[in-house]
Amino acid sequence: GKEEGRNRSEFFHQKMNEMIWEKSELENKLRLGLINQEFRLHYQPLYDVMSEKIIGFEALLRWSTPDLGLVLPDKFIKHIEDTRLIIPLGNWIIKTACQFAGKLADLGYQDLSVSVNVSVLQIMNEDFAAAVMDAIQEANISPKSIHLEITESRLMESYDLCVQNILKLKNEGIRFAIDDFGTGYSSLNYLKDLPVSTIKIDKSFIRDLSFNSNNNLTELIIILAQKMGLEIVAEGVETPEQYHILKTYRCNIVQGYMISKPLPEEDTIKLLIERNQ
Ligand code: C2E
Ligand code: CA
Ligand code: CA
Ligand code: CA
């Protein structure tokens, strides 16, 4: 009856309040996190199948707070975008990744690339290209050592704004990758229109690879990349079986726990030295 309805609506309002409170609580935590320098980048190797060498790293964001511990990006990236904190945080990410590329170059690893994930909200910002070039100049590195990874599913929303910045940076020598390839609904259009140099096959495809299953779709994506003269990276490679199949298809670059999980900066450099690279 009426009573029940009121209880239900009170319950609803209470839940709404909790949700709003939790949301702004998280926002406050993220803002404080930026001020208190609670964010770090970890680096995961990209491994060249032919030369059996590490040819670069992908920078992956990590956040640890005194009360929440380590939080992975899937839990907060969307929120960081919604609150537009992605602009200051994104600039910090680019700057830090460029500085890491600078350290690598100082150690003699100037040929290794550093890949940075960038949100469409960053790319559509009119200052984006200048911010990237500033970070590169400040770190005293070649633009060629920086790759930017874009997730196609979010590109559609502000395509024209993004393409301008992508072209500007491409002309400076920066390379672009389409991330999570195969999961968006218009992958092929992007390939036609965007000046990308690399396709990263989404890990959902890699997870399904096995000797006794039909791997046609993955094989076709690799053939497509080869025909178009693009580099192809398989992400989420965990097992020798997956690696072997990808090698058979002549996928040239792999990334995943089989090679290494994402590591803090010092461990990344240790890994290179240990491997005699
Ligand atoms: P992504 O760009 O597709 O990154 C690959 C994700 O797969 C990473 O998750 C990585 O840790 C994980 N991974 C690597 N190897 C394996 C493997 O062998 N098996 C499996 N199952 N997973 C593997 P992570 O670090 O949690 O990042 C999740 C997503 O958050 C990223 O997906 C990316 O979309 C976003 N992200 C991470 N760092 C940044 C950043 O600095 N900026 C922006 N805008 N987004 C970021
Ligand atoms: Ca990525
Ligand atoms: Ca990916
Ligand atoms: Ca992803």
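Just follow the structure's listing: the first ligand is 1, and inside any ligand the first atom is 1. The analysis underlying the following values was restricted to heavy atoms, covering all of them including side chains, and did not include hydrogens, waters or symmetry mates.
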Please answer whether the main-chain N or O of [Y] pairs with a side-chain N or O of [X] as donor and acceptor at a distance below 3.5 Å.
X	Y	answer
D202	S204	yes
D180	T151	no
N215	S210	yes
N252	E231	no

Problem - Option of least heavy-atom distance to atom 33 (C) of ligand 1 (set: L72, V116, N117, V237) - result: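 Among L72, V116, N117, V237, the closest heavy atom to atom 33 (C) of ligand 1 belongs to N117.
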Exercise for the section: May I ask whether V237 and L217 are part of the same hydrophobic cluster, defined by side-chain heavy atoms of I, L, V, M, F, W, Y residues being less than 4.5 angstrom apart, directly or through others? Expected result: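 Yes, V237 connects to L217 through the hydrophobic network.
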Handout entry: hydrophobic_cluster_shared for I206 and Y257, side chain cutoff 4.5 Å
Key =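 Different hydrophobic clusters.
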Side chain, backbone, both or neither: which applies to [X] and ligand 1 if a contact is any heavy-atom pair less than 4.0 Å apart?
X	answer
K203	side chain
Q255	neither
I93	side chain
D179	side chain
R62	side chain
I77	side chain

Residue [X] vicinity, atoms of ligand 1 by number, heavy atom under 4.0 Å:
X	value
D74	28 (C), 29 (C), 30 (O)
E235	3 (O)
D180	3 (O)
Q44	14 (C), 15 (N)

Exercise for the section: Have a look at E58 and say which of its N, O or S atoms is nearest the Ca ion (ligand 2). Expected result: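 Output for this pair reads OE2.
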Exercise for the section: Would you name the N/O/S atom of E149 that lies closest to the Ca ion (ligand 2)? Expected result: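 Looking only at N, O and S atoms of E149, the one nearest the Ca ion (ligand 2) is named OE1.
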Handout entry: Between T83 and E27, a side-chain donor and acceptor under 3.5 Å
Key =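 No, no side-chain donor-acceptor pair sits under 3.5 Å.
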Ignoring angles and geometry beyond distance, decide whether [X] reaches within less than 3.5 Å of ligand 1 through its nitrogen or oxygen atoms.
X	value
L61	yes
Y257	yes
E238	yes

Problem - Other residues, nucleotides, ligands: >12 heavy atoms within 6.0 Å of N171 CG - result: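 More than 12 heavy atoms, drawn from other residues, nucleotides or ligands, come within 6.0 Å of this atom.
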Exercise for the section: Using 3.0 Å as a strict upper limit, say whether an N, O or S atom of D202 approaches the Ca ion (ligand 3) that closely. Expected result: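 It does not: D202 brings no N, O or S atom closer than 3.0 Å to the Ca ion (ligand 3).
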Handout entry: Metal site the Ca ion (ligand 2): N/O/S of S115 inside 3.0 Å
Key =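 Not a single backbone or side-chain N, O or S atom of S115 is under 3.0 Å from the Ca ion (ligand 2).
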Exercise for the section: Give a rough value, rounded to 10 degrees, for the angle at the Ca ion (ligand 3) between atoms OD1 of D179 and OE1 of E235. Expected result: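 Nearest ten degrees: 100°.
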Exercise for the section: Answer yes or no: is there an ion pair linking E25 with K29, defined by an N-O contact shorter than 4.0 Å? Expected result: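 Looking at K29 together with E25, the answer is yes, because their closest N to O distance falls below 4.0 Å.
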Exercise for the section: Flag the pair Y190 / Y159 as yes when their ring centroid distance falls below 6.0 Å, and as no otherwise. Expected result: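 That pair passes the under 6.0 Å test.
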